[in-house]
Each structure stands twice: as C-alpha cells, then as structure tokens.
Protein chains: 2
Amino acid sequence: MDTASITGPQLVIDKDICLGNIQVMAEKAGKEGLILRPHFKTHQSLEVGRWFREYGVERITVSSLEMAYYFAADGWKDILVGIAYNPREYKYYESLSEDTGLLLTIAGPGSAEILARQCRSQMEVMIKIDTGYNRTGIRWDDDKSLRDCIKKLRVNKKIRIRGLMTHDGNTYALNKATDIKDRNKQTIQRLTACRDIAGIPDLVLSTGDTPSLSRAEDFQGINEIRPGNFIFYDLMQYVKGNCRLNDIAISMICPVIDIRPRSETVVIHGGAVHLSKESINASGKNIFGIVFRYDDKRTDAGNGVYLTSLSQEHGIIDCSASSFADDLNIGDLLTVLPVHSCLTADCMGGYLLTDGSSADHMRGRNQDSLLSGL
Amino acid sequence: MDTASITGPQLVIDKDICLGNIQVMAEKAGKEGLILRPHFKTHQSLEVGRWFREYGVERITVSSLEMAYYFAADGWKDILVGIAYNPREYKYYESLSEDTGLLLTIAGPGSAEILARQCRSQMEVMIKIDTGYNRTGIRWDDDKSLRDCIKKLRVNKKIRIRGLMTHDGNTYALNKATDIKDRNKQTIQRLTACRDIAGIPDLVLSTGDTPSLSRAEDFQGINEIRPGNFIFYDLMQYVKGNCRLNDIAISMICPVIDIRPRSETVVIHGGAVHLSKESINASGKNIFGIVFRYDDKRTDAGNGVYLTSLSQEHGIIDCSASSFADDLNIGDLLTVLPVHSCLTADCMGGYLLTDGSSADHMRGRNQDSLLSGL
C-alpha cells in the first residue's frame, strides 16, 4: 500500500484475511448443515457485506433498524434485526418490510403484547431467549413467560413466530476451548428445551457468539448461526485464544507525533475517538492495542509493545520493556491492532483496503471530505 | 420538547445550561484578565461554537487539523491546533494558514527540526510543555530540550514562537478543591519557569484543564486558558466535585426495550456506539451513566440508578436498589447522563436541542438520513 498519502489515523482492512475468516465459518456451517446468518454489526459496510455473497450467504443479522435500512438498500432481502423490538420504531419496521424480508426480535411478553396491538401487516418474529447471559430476552427456565409471549403474539394473526434465538455473551470471558464447548452445549440444550415448551412446528433455533462458533464443533440441535466479530476478529478474541494474531483483519495506521526517551513512551495521533475506550488486560497491564512498526511482521508471541493510555486524540505507547522506540522518528507510521474491532470500526466510520481503495461504513465520515478537497 | 418523534437514542443539549457554563468561565477569565480560548473538541459543533461569540470569544482551540478546517469554514480566524504537530500534515497547515490565523503545537526538538525544514510560509507556534502529566511535550525541568527546541525553530525565520502551553491532565483524578488549587499553582510555576528559560519577550503562557479552571481562582502568571469540557460537563466532572449535576448540559434519551424483574434490570437501546465505553466508579460500581425518568428532576444526591453494563447497542440499568422499574413500560424514554461528554458527542455525531431543533457535529451522521426520508 502506498502510505505517502496517509496523514492521520486510518483503519485498514486486509481483504484476504477477511475472506479466509469467512471461508472457515462458511465451511463449518456447511459441514454442520447450519444456515450462516452473519451479524453485520461488526463491519457495517456494504462493500464488506458483498464479500459474503460469494460464499452463498443470503441472510444477515443487524443490530439496529437503521442498519437494516442500510443493508436493505444494497439488496439484502432477509434481515434479522437482532436488537429487542422497540415499539417507537413500528412504522419504520412496517415500511421496510414492504420490500424486504424482515425478522423482528421480541424480548418478552411486554413487547409481544405491544407489537400484537400495533401490527397491521405481515411480520415475522424471533423470540429472544436468555440462555444465561442475563442481558435481554426470556430466561430459558421461565416457561410461563415464554408461553405468555407466544400467546400474546398469536392474538394478531399477521404475526408469525419463526424461531428462537440467543446470544451467549458469557463465552467472551472464557479462555479454554473445553469451557467454551461446554457452554455452547449448555446453550443449545437450553434453547432446545425452550423449543419443546413452545411446541411450534419448524421453529428455527439460532445462536450467535464468535467464541463458540470459532472453537466449538458440535452444533447438533440448532439450525442457524449468527457470528459477527469473526470477520475482523480483534485482540479480545486473540487473548482468549479464539483466533491467531494473523486472523485479525483490521489495523489502525497512526503517525508518531512525539517521542519521549525519559518517559520511555511514544505518542501517536490515534485516541479514544479512533480506537474506542475498550481495553483488555494483557501481561498484567490494561491495554488499548498492540503496536507494531508499519512494515513489521506480526508474531503470535507479540512484541510486548502496547498502547497503555488513550485520550481523545492521543495514544501513548509504553516502550519501557523494549527497544521499539530506538530508531523511530516523528511522522513514522505505526500499526495498532485494536481491542474491539466492532467499536473501532464504528468510531472510524470508514476503511482503507490494502490495495489503496476505500470501503464504506454506515456511520460515514465527514472528516474525509474536510481534507479531500485540498 | 416533543418526544413523540424520538425513536432511538438521541443526544440532547440544554442550551441554557451551556450558556450558563460559558458565562461563568467568561466572567472568571475577564476578572483575571485572561484570554479565554475554549477547546472546541468537546462539542465539535459550529452551532455550539457560535454561542461563544456572544461572550466575546474570538480565539479557539481544536484537537485535530480536520477540526481546524471545520471551524475555519465558519469564520473562526484564530485557531490553536492543540495536538502535537504531525509533519505528514504540513501541506494542510500551509493551505489553511493562507486565510486563517493558525497556531501549531510543537512537542519537542524533533518536530521543531522537521517543521523548520518544511516551513515555506509564515507559521506561528506554541511549544508544548509537560508540567507533570507525562503525556506530550517538553518536561518542565528539561531546560536543555526547551533551548534546543527554540534553537531548531529559529533556524527558519518564517516561524514565530508565540507561547508555551500545557495541559495538566492530572487534575482530572483529583477530588478536593485544595488539591486542584495546589496542582494549578504548581503548573503555573513550572510554566513560568519555562518562560524564564526560553527568554523570549511577550511569550503567551496558556493552560487548559477543566478541573483547575472550574475550581481554582488564582491564575496569576498566565495569559490564556483553554477549558473544553466545561461547556457540557459530565459525570466524570460531577463525581470529582467540579460541577453540579444540573451543570451537565447534555443527556442521552433512550427508549426502554426490555424490563426484567427477575434480574432487576431494565434494558435500553443505548450502548457503546452511543455513549462510548468510558466508565467511572460510583458507589463502588463501575458505571456508564446515571439514569433518570425522562421527566424527572435531577437531584444532586442522584437516585442510585446506574447504567452498569454496555454492549454495542444495549445498555443495562441495575434497578436492584430502587423501585425505578416498578411502573416502567417498554417504549418509555429514559435520560442518561454520560460519563464523558466529549466521547459521547463524538459517538453520536449530532445533537437535538431542547427546543426541538438540531445542531451539527463534525462527525456527522449517516443514520439521520436513513430514517429521515420515511
């Protein structure tokens, strides 16, 4: 990539790595007879979304109604809106469902009752089951609420219950493959038990967390998977062992703006508005990224050079444990692997590809246009 | 405000509170004979920026070159770019300085040498002094580097050294007014000592951290202040005692999307992409916001209702210590006071005002247009 035109922080996608990540997941889904309905909240990009089509993907998940509109405009016809139904958005759901196959997510009897009252056109819904993560949905062991939810939806004949879905966010905290596999097994058991309670024929059972879908192998009992993060991966997934460092498909290029030998730090233009404030623990430190020289090869052992502090626009690299800063110059470019790729992409609102072309992000970016006219 | 049209998370500015915050700071600056050069990185809004003009503000600070372009286009003619000079951006600095009075920030001899080599038109610079925060700039006790930096800049006669600036981020961690005042005094002493070393006539001494400028009263020795956060304030400032809860001028309105009595939680549409992942410790918990009913009055004692978990689009409110959730319904609107207003504003990329009008943010927002056509 020609880096001469890079002045400030730029988020770069390595398309080859993305395609590799998609292929692994598509093959796993194919082998297990699962529908792959990837979550597009990670990349939020029409361009990146199109890459999935070559692997036979026709159904997608999004995390907001705005995102459903964004992807529907690019021809996606089967979209699950994964966030719990918000009755204030009914008219937008109705409008979009005229041309696009939409699946709503119903989190419980309360929203079921409201939707049944509002709904004037055909609507297909997934019921959200909380299999233990304790974020949203009906608890797996709350038979009464599940039956009540179904009953309330059935009041309106225009509503069709298509399936049960869960997101087990607990796996993001696990390290060992065996623990993730055990948890995945439990999730599937709990979802299957809910299907038995629901007693509706042909219900789709859908799960979706990148750790399970990266490391478990047995998905018997479910029909659909909704991984999101795996397209890019990130340090959160890397430190847990869910990917290799070379599976991380996005990186932030940042210029060095200060070198401080006495503090043993290097300062980059690249802060919380670029990377997000998401941090993880690595080698006993709270870190915001792993840093490499722009042209250096990544090694899975890492190099011990971390971004240890972020303010709005500045990132501070701790160089105390290495000779990283020794021949560095102001204006040099460094590569930062982000902690949480979904949030970093959302902060940046756009991408560069390694071939020098650019890719969209739903958030857009005014900044581009500010400097592009010069 | 008419809330019927609010469907998803919206960031609302209370203009009256902003004007009150500006007035307090403008009066303090006036009384102390200080130039008020507010930092516009907090709001990043042309509309909000214009409010300062009524208080006689003509000079501003920004945190990136893009931001300088953004505000220059609205007629601001004296702009300090507070981030350390990045030599990759030289041509943009040069171009912008044709019509706009620009001040560059030089972090040390390294960038001074590069700028002196690059500079072909008149450039005015501030030298960044590190008075103890240890982020960027020349350490206050590093006479040699300061002299070296000045010497390197003077190689090029087009460069004029206008002043010395510091940002003492350490005050953000302090609680007590006496500690903040002591620290402010130390900062001014260190900056003044650097002026003596520099030995350049009429050097402007500039400081800028919201805690000191909110709580200290003695600024003798300096010429200019650059507070940013004070226009909105936020929970970070509130918990440290730098503002009252009623001085916080922005709030996020979010709809309830799930109510979970067994978990004693309420779920809103409002997550890390809206509020940022910045958190603080309050009542022994790690929190991402204080939550009120939309129409409730804020009390400085708070109500003990906190946002205790954030994922990309979801926010989880812990209601275990209160009856907050008792008569709440799906679709109700809640108000969240954000932890760090600068980052929340940057995430949202736009504002509503309490009169129902909207205000710009440099980041812009594609989302608006996605639903606005319906």
Side-chain angles (χ1 to χ4, degrees), chain A residues 6-8 41 63-66 69-70 83-89 91-92 95 107-108 110-111 114 134-137 139 142 169 255 257-260 262-263 265 267 269 272-273 276-278 309 311-314 316 329-331 342-343 346-347 349 362-367 370-371 374, chain B residues 6-8 41 63-66 69-70 83-89 91-92 95 107-108 110-111 114 134-137 139 142 169 255 257-260 262-263 265 267 269 272-273 276-278 309 311-314 316 329-331 342-343 346-347 349 362-367 370-371 374:
Chain A
I6 295 181
T7 54
K41 78 184 178 78
S63 60
S64 70
L65 188 60
E66 286 91 337
Y69 271 86
Y70 191 65
I83 195 167
Y85 175 65
N86 165 8
R88 291 180 167 262
E89 296 183 323
K91 67 173 176 176
Y92 301 115
S95 173
S111 43
I114 298 171
N134 199 19
R135 187 176 68 176
T136 54
R139 276 175 60 116
D142 187 357
I257 56 171
D258 200 6
I259 299 168
R260 316 186 78 229
R262 272 178 70 180
S263 311
T265 56
V267 184
H269 186 195
V273 295
S276 93
K277 279 288 289 232
E278 193 89 83
S309 174
S311 49
Q312 185 162 342
E313 300 269 351
H314 299 79
I316 314 289
N329 293 302
I330 304 274
C342 314
L343 296 189
D346 194 83
C347 281
M362 186 182 83
R363 291 294 307 264
R365 249 172 85 110
N366 272 351
Q367 289 103 306
L370 291 174
L371 294 184
L374 297 170
Chain B
I6 295 181
T7 54
K41 78 184 178 78
S63 60
S64 69
L65 188 60
E66 286 91 337
Y69 271 86
Y70 191 66
I83 195 167
Y85 175 65
N86 165 8
R88 291 180 167 262
E89 296 182 324
K91 67 174 175 177
Y92 301 114
S95 173
S111 42
I114 297 171
N134 199 19
R135 186 176 70 177
T136 54
R139 277 175 61 117
D142 187 357
I257 57 171
D258 200 4
I259 299 168
R260 317 186 77 230
R262 273 178 69 179
S263 311
T265 56
V267 184
H269 186 193
V273 295
S276 94
K277 279 289 289 232
E278 193 88 82
S309 174
S311 48
Q312 186 163 340
E313 301 269 350
H314 298 79
I316 315 289
N329 293 302
I330 304 273
C342 314
L343 297 188
D346 195 83
C347 281
M362 185 181 83
R363 290 295 307 264
R365 249 172 84 111
N366 272 351
Q367 289 102 307
L370 291 175
L371 295 185
L374 297 171

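Letters A, B, ... mirror the listed sequences (proteins, then strands); counts begin at 1.
We find the CZ-CD1 distance between B/R88 and A/I257 to be 13.0 Å, quoted to the nearest 0.5 Å.
For B/V273, the parts lying under 4.5 angstrom from a heavy atom of chain A are both the backbone and the side chain. Both the backbone and the side chain of B/R135 come within contact range of chain A, each with at least one heavy atom under 4.5 Å from a heavy atom of that chain. For B/T136, the parts sitting under 4.5 Å from any heavy atom of chain A are the backbone and the side chain alike.
If you tally non-hydrogen atom pairs under 4.5 Å between each of B/G331, B/G169, B/G110 and chain A, the highest count goes to B/G331. Of the listed residues (B/R139, B/R260, B/K277), the one with the most heavy-atom contacts under 4.5 Å to chain A is B/R260. Ranked by heavy-atom pairs under 4.5 Å with chain A, the first of B/S64, B/G108, B/G8 is B/S64. Counting heavy-atom pairs under 4.5 Å between each of B/I83, B/I316, B/V267 and chain A puts B/I83 at the top. If you tally non-hydrogen atom pairs under 4.5 Å between each of B/L343, B/T265, B/N134 and chain A, the highest count goes to B/N134.
Between B/D346 and B/S276 the shortest side-chain heavy-atom distance does not fall below 4.5 Å. Put simply, the side chain of B/S95 reaches to within 4.5 Å of the side chain of B/Y69, judged on heavy atoms. Using a 4.5 Å heavy-atom threshold, the side chains of B/T7 and A/K91 count as separate.
Looking only at distances, a side-chain donor or acceptor of A/Q312 sits under 3.5 Å from a matching main-chain atom of B/K41.
Across all non-hydrogen atoms, the minimal contact from A/Y92 to A/L65 is CB-CD2, 3.2 Å.
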